[in-house]
Amino acid sequence: MLRSLQRASVVNGRRALATEPFLPKITERRVEEQGPGGRASNAGLRFAIFGATGFLGKHVCFQLGKNGAYAYVGNRGDEAEIRDIKPMFDLGHTRFVFYSPKDVDSMKEVIADADIVINLISKTHESHQPIQIDKFPYVGFQKNYSFEDVNVGIAKQIAELCVEMQVDNLIHVSSANARADHPSEWARTKFKGEQAVKEVYPWATIIRPTQLFGTEDKFLHYYANMAKTFGFVPLIDGGKSLTQPVWAVDVAKTIARVTDDPRKFEGRTIDCFGPSDYTHDELARFVLDLTEQHSARILPLPKAAYFAMARAMNNQSLLPMNEDIAKVWSENFLPQMTEEEYKAQDEEGKILTMADLGITATPVEKEAFSYLHRFREAGHFGRVDGYH
């Protein structure tokens, strides 16, 4: 009896007992929950995750895995793409399913008997495949998946399957700059996809992050790689547009908090953003200073010239840039309200933030060095006696 009480106190100590109104308050075990909580436990929840192999997806898998979740991971590639995900979950807590968005039955196999479906699928470029043509040079390219296919069609298909298969909860990741009149087709289709999900599955939880940064990002790494490769960092329109980047781990923690008590967040929208905004010029100079690439130059370019450069970079993979990404970076990438406006909202239909879930946004300055120091000459060993 005493041991049972001690174990229950450990469980309650590890799980959230909240004073904030929207922070999940968990005081009772789920029906199938076993263990003390955390690793080597059974959280009593099964997740179907689409987009798990992506940048944000890996962080989400880690947050769920360390809490004893079971995951059905959808994968369109080969086994090498999921090798990073396997150790994030306890042995026997994963099921990897090959699927194709063009095969609805295969998507049903991913979802199976999941309690919660998480859609992290997104694409910042349209994929193509080579095909044979009759005229010289006898090789052409056929569009494989368009922005419309990925950001609208697949998102709507997942929502429809959740309704058909009576899935309890759906978490859909959209974007803070998703809007109908954005010059970027990616942002426009993210908006259309969000609206389609809401129409089909009105009680879906929508996550809207700003620009993501973190290990393996394609944001701060772009500045560092451009300086390393070409010796200069081009900035669209002088880098005057503002962005308020959010750490990917904070967004993943937000999603994990939602899964603690998903009913509380049904039909809710949660905006995720960092504590400060910056111009692209400020961030580029920060990265150059952090990586000690002092010889690299900042090169302001007018929009037309930057778009032309981005089009030329479209078919290479070393530096992630294309015309559509350039259009995203040419506009302010900010949350839809100021911090004061978020706080002043009425409780009815309130748009939540990470702060409402008890998560403090991490500044860029705190994390960037941990994964950008490798661009320094001799890495972080150059300043230690005996290594040079």
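The figures here come from the full heavy-atom set of this structure, side chains too, leaving out hydrogens, waters and symmetry mates. All of these numbers come straight from a predicted model, not from anything done at the bench.
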Taking all non-hydrogen atoms of both residues, which atom of [X] and which atom of [Y] are closest, and how far apart?
{"X": "Gln244", "Y": "Gly274", "result": "NE2-O, 2.7 Å"}
{"X": "Ala112", "Y": "Arg95", "result": "CB-NH2, 3.2 Å"}
{"X": "Thr259", "Y": "Phe47", "result": "CG2-CE2, 3.4 Å"}
{"X": "Ala284", "Y": "Val233", "result": "CB-CG1, 4.2 Å"}
{"X": "Ile236", "Y": "Ser330", "result": "CD1-CB, 3.5 Å"}
{"X": "Ser100", "Y": "Tyr145", "result": "OG-OH, 4.0 Å"}

Look only at the side chain of [X] and the backbone of [Y], and say whether a donor-acceptor pair between them is shorter than 3.5 Å.
{"X": "Asp78", "Y": "Ala80", "value": "yes"}
{"X": "Gln345", "Y": "Ile351", "value": "yes"}
{"X": "Asp149", "Y": "Ser146", "value": "yes"}
{"X": "Asp324", "Y": "Trp186", "value": "yes"}

Starting at [atom1] of [X], measure out to [atom2] of [Y] and round the result to the nearest 0.5 Å.
{"X": "Glu282", "Y": "Leu235", "atom1": "CD", "atom2": "CG", "result": "11.5 Å"}
{"X": "Thr189", "Y": "His182", "atom1": "OG1", "atom2": "NE2", "result": "11.0 Å"}
{"X": "Leu301", "Y": "Lys303", "atom1": "CG", "atom2": "NZ", "result": "13.0 Å"}
{"X": "Leu319", "Y": "Tyr223", "atom1": "CG", "atom2": "OH", "result": "13.0 Å"}
{"X": "Phe369", "Y": "Thr291", "atom1": "CZ", "atom2": "OG1", "result": "11.0 Å"}
{"X": "Leu288", "Y": "Met226", "atom1": "CG", "atom2": "CE", "result": "11.0 Å"}

Decide yes or no for [X] and [Y]: does some side-chain heavy atom of the first lie under 4.5 Å from some side-chain heavy atom of the second?
{"X": "Lys350", "Y": "Arg268", "result": "yes"}
{"X": "Ile206", "Y": "Ile270", "result": "no"}
{"X": "Ile207", "Y": "Ile255", "result": "yes"}
{"X": "Met354", "Y": "Lys253", "result": "no"}
{"X": "Leu64", "Y": "Ile49", "result": "yes"}
{"X": "Lys240", "Y": "Asp281", "result": "no"}
{"X": "Phe333", "Y": "His280", "result": "no"}
{"X": "Asp103", "Y": "Glu109", "result": "no"}

Is it the case that one hydrophobic cluster holds both [X] and [Y], taking links as side-chain heavy atoms less than 4.5 Å apart, direct or via other members?
{"X": "Val110", "Y": "Val173", "answer": "no"}
{"X": "Val328", "Y": "Leu283", "answer": "yes"}
{"X": "Leu161", "Y": "Val97", "answer": "yes"}
{"X": "Leu120", "Y": "Tyr99", "answer": "no"}
{"X": "Met165", "Y": "Val117", "answer": "yes"}

ask   = Are the aromatic ring centres of Phe273 and Tyr342 under 6.0 angstrom apart?
value =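 Here the rings of Tyr342 and Phe273 have centres that are less than 6.0 Å from each other.
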Is there a donor-acceptor contact under 3.5 Å linking the side chains of [X] and [Y]?
{"X": "Asn169", "Y": "Glu266", "result": "yes"}
{"X": "Thr353", "Y": "Asp271", "result": "no"}
{"X": "His221", "Y": "Tyr371", "result": "no"}

inquiry  = Using a 6.0 Å cut-off, check whether atom NZ of Lys198 has over 12 heavy atoms from anything other than its own residue.
reply    =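 Atom NZ in Lys198 is packed in, count exceeds 12.
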Please verify the inter-ring angle class for [X] with [Y]; under 30° counts as parallel, over 60° as perpendicular, anything in between as tilted.
{"X": "Tyr222", "Y": "Trp329", "answer": "perpendicular"}
{"X": "His93", "Y": "Tyr70", "answer": "parallel"}
{"X": "Trp203", "Y": "Tyr201", "answer": "tilted"}

Counting only pairs under 3.5 Å, give me each side-chain donor-acceptor contact of residues 50-63, with atom names and distances, residues two or more places apart or in other chains.
residue	atom	partner	partner atom	Å
Lys58	NZ	Asp84	OD2	3.2
Gln63	OE1	Lys66	NZ	3.4

inquiry  = Test: salt bridge (Lys or Arg N to Asp or Glu O under 4.0 Å). Region: residues 113-142. Which pairs qualify, not counting sequence neighbours?
reply    =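 Output for this query lists Glu126-Lys143.
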request  = Salt-bridge test for Arg76 and Glu81: reply yes if a basic N is under 4.0 Å from a carboxylate O, no otherwise.
outcome  =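 Looking at Arg76 and Glu81, the cut-off is not met.
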ask   = Below 4.0 angstrom, N of the basic side chain to O of the carboxylate: do Lys156 and Glu199 qualify?
value =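 Not counted as a salt bridge, because no side-chain N and carboxylate O are separated by less than 4.0 Å.
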inquiry  = Tell me which one of Gln195, Glu194, Arg208 satisfies side-chain hydrogen bond (donor to acceptor under 3.5 Å, both in side chains) with Ser174.
reply    =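 Between Ser174 and the candidates, side-chain hydrogen bond (donor to acceptor under 3.5 Å, both in side chains) is satisfied uniquely by Glu194.
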inquiry  = Could you go through Lys343 and Glu339, starting from their C-alpha distance and side-chain angles, then the distance that decides it, and tell me whether this counts as salt bridge (charged side-chain N to carboxylate O under 4.0 Å, His left out)?
reply    = CA-CA 6 Å; Lys343 291 180 180 178; Glu339 187 175 349; 3.6 Å; yes
